[in-house]
There are 4 protein chains.
Amino acid sequence: VKALDLISRYRTVRQRSVSLCAPLTIEDHAIQSMPDASPAKWHLAHTTWFYETFVLAELGQAPHDERWSYAFNSYYDAVGPRVERARRGLMSRPSLEEVLAYRAAVDERVARALDHALAPALQALVELGLHHEQQHQELLLTDIKHALGTQPLRPAYRDDLVRDGAAAIAPLAWVELDEEVVEIGAGDRGFAFDNERPRHRVIVPAFAIATRPIANAEVLAFIGDGGYDEPRHWLAEGFATARRDGWRAPLYWEQRDGVWCAYDLAGVREIDPAETACHLSYFEADAIARWAGARLPTEAEWERVASGLRARAGHWADDDRLHPRAATTTGLAQVFGDVWEWTASAYVPYPGFRPLPGALGEYNGKFMSGQMVLRGGSCLTPRGHVRASYRNFFAPTARWQMTGVRLATDRGSPPW
Amino acid sequence: VKALDLISRYRTVRQRSVSLCAPLTIEDHAIQSMPDASPAKWHLAHTTWFYETFVLAELGQAPHDERWSYAFNSYYDAVGPRVERARRGLMSRPSLEEVLAYRAAVDERVARALDHALAPALQALVELGLHHEQQHQELLLTDIKHALGTQPLRPAYRDDLVRDGAAAIAPLAWVELDEEVVEIGAGDRGFAFDNERPRHRVIVPAFAIATRPIANAEVLAFIGDGGYDEPRHWLAEGFATARRDGWRAPLYWEQRDGVWCAYDLAGVREIDPAETACHLSYFEADAIARWAGARLPTEAEWERVASGLRARAGHWADDDRLHPRAATTTGLAQVFGDVWEWTASAYVPYPGFRPLPGALGEYNGKFMSGQMVLRGGSCLTPRGHVRASYRNFFAPTARWQMTGVRLATDRGSPPW
Amino acid sequence: VKALDLISRYRTVRQRSVSLCAPLTIEDHAIQSMPDASPAKWHLAHTTWFYETFVLAELGQAPHDERWSYAFNSYYDAVGPRVERARRGLMSRPSLEEVLAYRAAVDERVARALDHALAPALQALVELGLHHEQQHQELLLTDIKHALGTQPLRPAYRDDLVRDGAAAIAPLAWVELDEEVVEIGAGDRGFAFDNERPRHRVIVPAFAIATRPIANAEVLAFIGDGGYDEPRHWLAEGFATARRDGWRAPLYWEQRDGVWCAYDLAGVREIDPAETACHLSYFEADAIARWAGARLPTEAEWERVASGLRARAGHWADDDRLHPRAATTTGLAQVFGDVWEWTASAYVPYPGFRPLPGALGEYNGKFMSGQMVLRGGSCLTPRGHVRASYRNFFAPTARWQMTGVRLATDRGSPPW
Amino acid sequence: VKALDLISRYRTVRQRSVSLCAPLTIEDHAIQSMPDASPAKWHLAHTTWFYETFVLAELGQAPHDERWSYAFNSYYDAVGPRVERARRGLMSRPSLEEVLAYRAAVDERVARALDHALAPALQALVELGLHHEQQHQELLLTDIKHALGTQPLRPAYRDDLVRDGAAAIAPLAWVELDEEVVEIGAGDRGFAFDNERPRHRVIVPAFAIATRPIANAEVLAFIGDGGYDEPRHWLAEGFATARRDGWRAPLYWEQRDGVWCAYDLAGVREIDPAETACHLSYFEADAIARWAGARLPTEAEWERVASGLRARAGHWADDDRLHPRAATTTGLAQVFGDVWEWTASAYVPYPGFRPLPGALGEYNGKFMSGQMVLRGGSCLTPRGHVRASYRNFFAPTARWQMTGVRLATDRGSPPW
């Protein structure tokens, strides 16, 4: 039964990657708008390469095309050399058509393998491949958003995405918690990435956390208050980055005839103050928190709050919106699924961390420097992909992910 | 009659741009492998934009899509702002299909205008547009060569290009000329770019010039003699560039199992020593000349030699080869049409130079700094596009053009 | 009594800064060999500026020269604009002589102020100024080491520094500790920087820690084992940095006739395998630990071990050695005072962290991103300046500080 | 007699280098404010190294200190490796004192050699060394001007320099010349650099040349007319450079309370409109000429005008002014000695150019790319150092030299 279930999930996940690309032109699939992003075609191929390399090769199967191992390796040194990251958008070959044929061929082989009583260790690798592919589905959306949203014509990804009308923003309130020893991290059962383990106890001092992420209204207030020009709100490196890169607002914001507008996957719209703010870097998140007299939560604080909730299918991954909702709900809200929430925690290993064996040990561990942890998943995260223990991580300068801000404070009294 | 002739030439030139792209996939059209190069799709659109901006707009016609004026302006400040050069490869929109429709729409309009007794000044602009488009046809080929030849799979542009078998290289001999006052530059009649005028007299001292461009055999000797490691052969800036960029051979050369091979538009082949050498920068050309005890010719020397010859249709632009021939002919040979020959002359205005009026004054004049003059056309230059007075120009570091070396010396005796 | 004591300590600390510069030529004082380092003259002036800005200005005293406020502000945005960091070495004026006169003038004024019953808040700022100056004394030594050790003649800072003869290296053994809830951080009494507070409890799981820092012998083994070429040992960003910057050994190591030598403040000597290894970046420290099957300790682990020891005057700051000792002692050793030990902890605020009020809030807090914590002080740290709770911090790429590696492991069994 | 004369000139030239440094502090000697500039100390040492390497070594004499050969080689590859140019300011050792002792020791040896009937070839190298040192005297002044004029305190080099009061600017008039075949370049007799030879004939078409260089009044008019913002006046690379580097006025100009001031070797003063304009790059010179409806002269045009004049000691090198005069003289004026005048000629070899033999062949020839020729000498050029045939050369972006603009036009009628 479980194998059947795995086949079924395999097909569903694999299909969704292709479906996500349906609105794209062939050229849209090919472009890489910055070194951090990858072309959609590359995502389609790399996720396929993963099964070929870590599952089919174990079964002794030759690769579909051995030259593609070089082309579609992302960062696994143990597997061999690879195309320089910033040059992924310069591979016009293989073509999209060839990549789709590659997907079909590998899918055929994986399905056949799953049919034939695949060893549990390899089943686990297929499982890992599905989670890997779901991560790439979110990246695919953020990368295509960057590719479309930074080119002159600002084309929409889709014209039929659902957008709310104006709504009343919920007041920002605070949930207060007392000091407690809590367990965080993933337990031994169920799927989790290696970086979520081992589960361990930490002391979490008393703190308060905001009921909702900040909304555009608060970002507008920060801008209006000269927040981008006032070094005292910022980490030194953050302010230097903001200066160097000319940050005056979140990514995708632009002024048109004096009005703040933003590009999202449905095109360019006027800013809705009630909408949950997104595309903020850690440095901006931290500066806004400081300006507000608050701070960002630690990942332990965040997980303590989230672990009591069900990381259930929110609105996200229904693929009909692909944008955060308005912040209209009172009470603790939007913990999962609108925006990845920056935490104050640097991405370092948990006590007793053990990377996966072999080349897959490079999956997470080797990135444990210079990045910050984000929690909660976003409106672009596939349904079922997020957990309370899930640790996402990006550089503090990253703005093209669906990232937002939930405030915390260690004083009992709210800062606003 | 002349208008009919212009329509006919218009159709021929315009058609060839599209034909040159026939072997490309849609993705091939889109990539920009370095800031100096442009995507094929961009070339197709920009050459069209030229007629729209400089001819149709004069007739009061609105642009096909006004946003494209921004997207496809190359460098005309007087016409308005434009997409940053290095970001041309990031425009997935308009799509190739839209660009081809744009071409068709503009062609229709230009043809109709030509049908209706277009004013001579505008006919001259259509004429200029054809020469402009022919320049872009050569760039299109060098740019697509760079795009394909620097990606991992090294795909051929065409499989059916003609390549010679091994041939005996002709010995390098010298033509000696006495001092003379010569006229160089284009006269008043016939088409020429503004930078070829005015025709004027210069004193050309006695010199000798090689009967043919250097071949791969000579480049291999330079390499074998440690030429890339010996600063005494090089201009200081050239040696620093070679070091910084790791030049060990001409562009597209690579060693495979200890054998020198090179990518050309037909794929990767072993080096043929008899073949005319190409893809050398000015700095390499100058170093090879110095190593050989010779120098590069000045543009006046070159033109003096060439003006007695017919810049007739050579083998080039038959589009069945797109690569230089072997250097097999004795006597003065290959002056036109195999490789652009670097001269020792910096690209500066001729005495009495007058740029074209208006925005077209930016066509040539504003690039008269930091570049060297090349002469003679190459195997990629469209048939009929080159003249003895034609001044091509590139930065001394440029290697992706079809550039080679003809030696000269001011001693009567040959250096080799 | 306390004021008297403060005057006396003020004079002692201030005098030592000048004494440290005694072996330097006037030109040595002036150079800045990289943006991260500062000229000795700048250190002498900036430490003086600190008292002038944060103490004397509070007393209403005009600055010695108001233009110097701009010149010698390090990074306090709240105090005003400042010279770009990388240009500190380009200020030939004021001259060393003027800077020494500036020091004398400010010392005179501070001493007079201390004589006249300075308010406790201002006494605390003088106290802070002394700790600040001690930090700069260590930086002064590392910066001058870099300036001298990277110039062609490799001049010694002093010829009379004590260096040990060959000694037998102590075997690397392990101290094992059980899980415990420990308190870390500085309590309310006594001087501590804001970043050491508040003291708070953390759960420290069972771990083992090495009895001594690694020695050159272990670094040589890492090099001999191809450690710098094996990406599997490294964090991804670390390996990329090592490649880009050509790291093949710790900073200051060079091969002379096939023998590893290193520059230290006494000149260039052959590597002594028994000597405590230094000038390793975090990335190298982490890679060496991983190669050894171990890891770096967290700052909580380190502090737990160190807090039982007396951070007493070790050999360091006797200023007769200024180099780590050989690792010859068995049992837990060298916790304080040979090399700053990289920890696995990112430099983030403690729970409940409150920066100092006003401009001094910029002292530490705004650097809490992208850096790693180091503990224990070094042979260059002034006597009395270090504490078990002391948190030093540098970027993971920094190598010019006196930084080394103590291994830890969460397995009970030692990895070697 | 000639040897005596050479000794006497040797002593005079050598002494002047030291005298020029007299107003400097020790630290002033040491700084290098940009890669193109060198520290004064380095100039003092390098000019000495020249005699040691090219004269004394020929006599079999060992170097004063063999390590300095590495430190003070400027760019002679044939002589061996050298300190990277941008790191000259990081050598605090040898100290100024040691360098002065080095000068004295070499002077002693050269004088003794000259006393003992030095071979004519070596006498010629001493002669070359003197011209070389005079070139460095001008560089020393421009480099120290840059070092002092770009640091925060803007210290004057000397307080006692002569500065004129306000004067009436002379109107800009034109000298018209008919076409002629002229000889340019240095003949066989007398000292000249290799790049001035051979003398050869060129056809110079009819042209007009301005009676004087442009003055600050004209630069102010260009600024006021938005010249720095109007791409149509500029070469493409020039406008891009101006944008990238934020050029809004000549180097050293700054606005103080809305008034244009400039730093010169006497300190910061308000701009005097009548003063000859200086510190303009080629790109600015060219843009100003185009804005004025004129152009820059070619070097042949310039030399034709200048060769009829006596390149006599002007006011310059009296070392009491070190700044261009006001443009107050009517009739052809200031051809020699106020500002180096940018020409429209790229720095390429003359027909038949032969570099000096051996390592000295690197003196000029290897820089013949990417630079423009300047003519006439400046107020900083040593007395007797300039000739009508003298070809100075700098990159078109260079602004820290004493460079100005004389207009020309090929129309008979003046553009203004």
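Sequence lines set the chain letters: A, B, ... in the order given, protein chains first and strands last, and positions in each chain run from 1.
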More than 12 heavy atoms from other groups under 6.0 Å of CG on B/D160: yes

Interface residues of residues 83-101 of chain B facing chain A - non-hydrogen atoms under 4.5 Å apart: B/V83, B/R87, B/G89, B/L90, B/M91, B/S92, B/R93, B/P94, B/S95, B/L96

Contact leader toward chain B among A/P155, A/A71, A/A147, where contacts are heavy-atom pairs under 4.5 Å: A/P155

Interface residue of largest heavy-atom contact number with chain B, from A/D28, A/T150, A/I26, under 4.5 Å: A/D28

A/D245 atom CG, over 12 foreign heavy atoms within 6.0 Å: yes

Neighbour count >12 (heavy atoms, 6.0 Å) for atom CD, B/E66: no

Contact origin within A/A30 toward chain B - heavy atom pairs under 4.5 Å: side chain

Straight-line distance of A/E27 CD to B/T25 OG1, nearest 0.5 Å: 9.5 Å

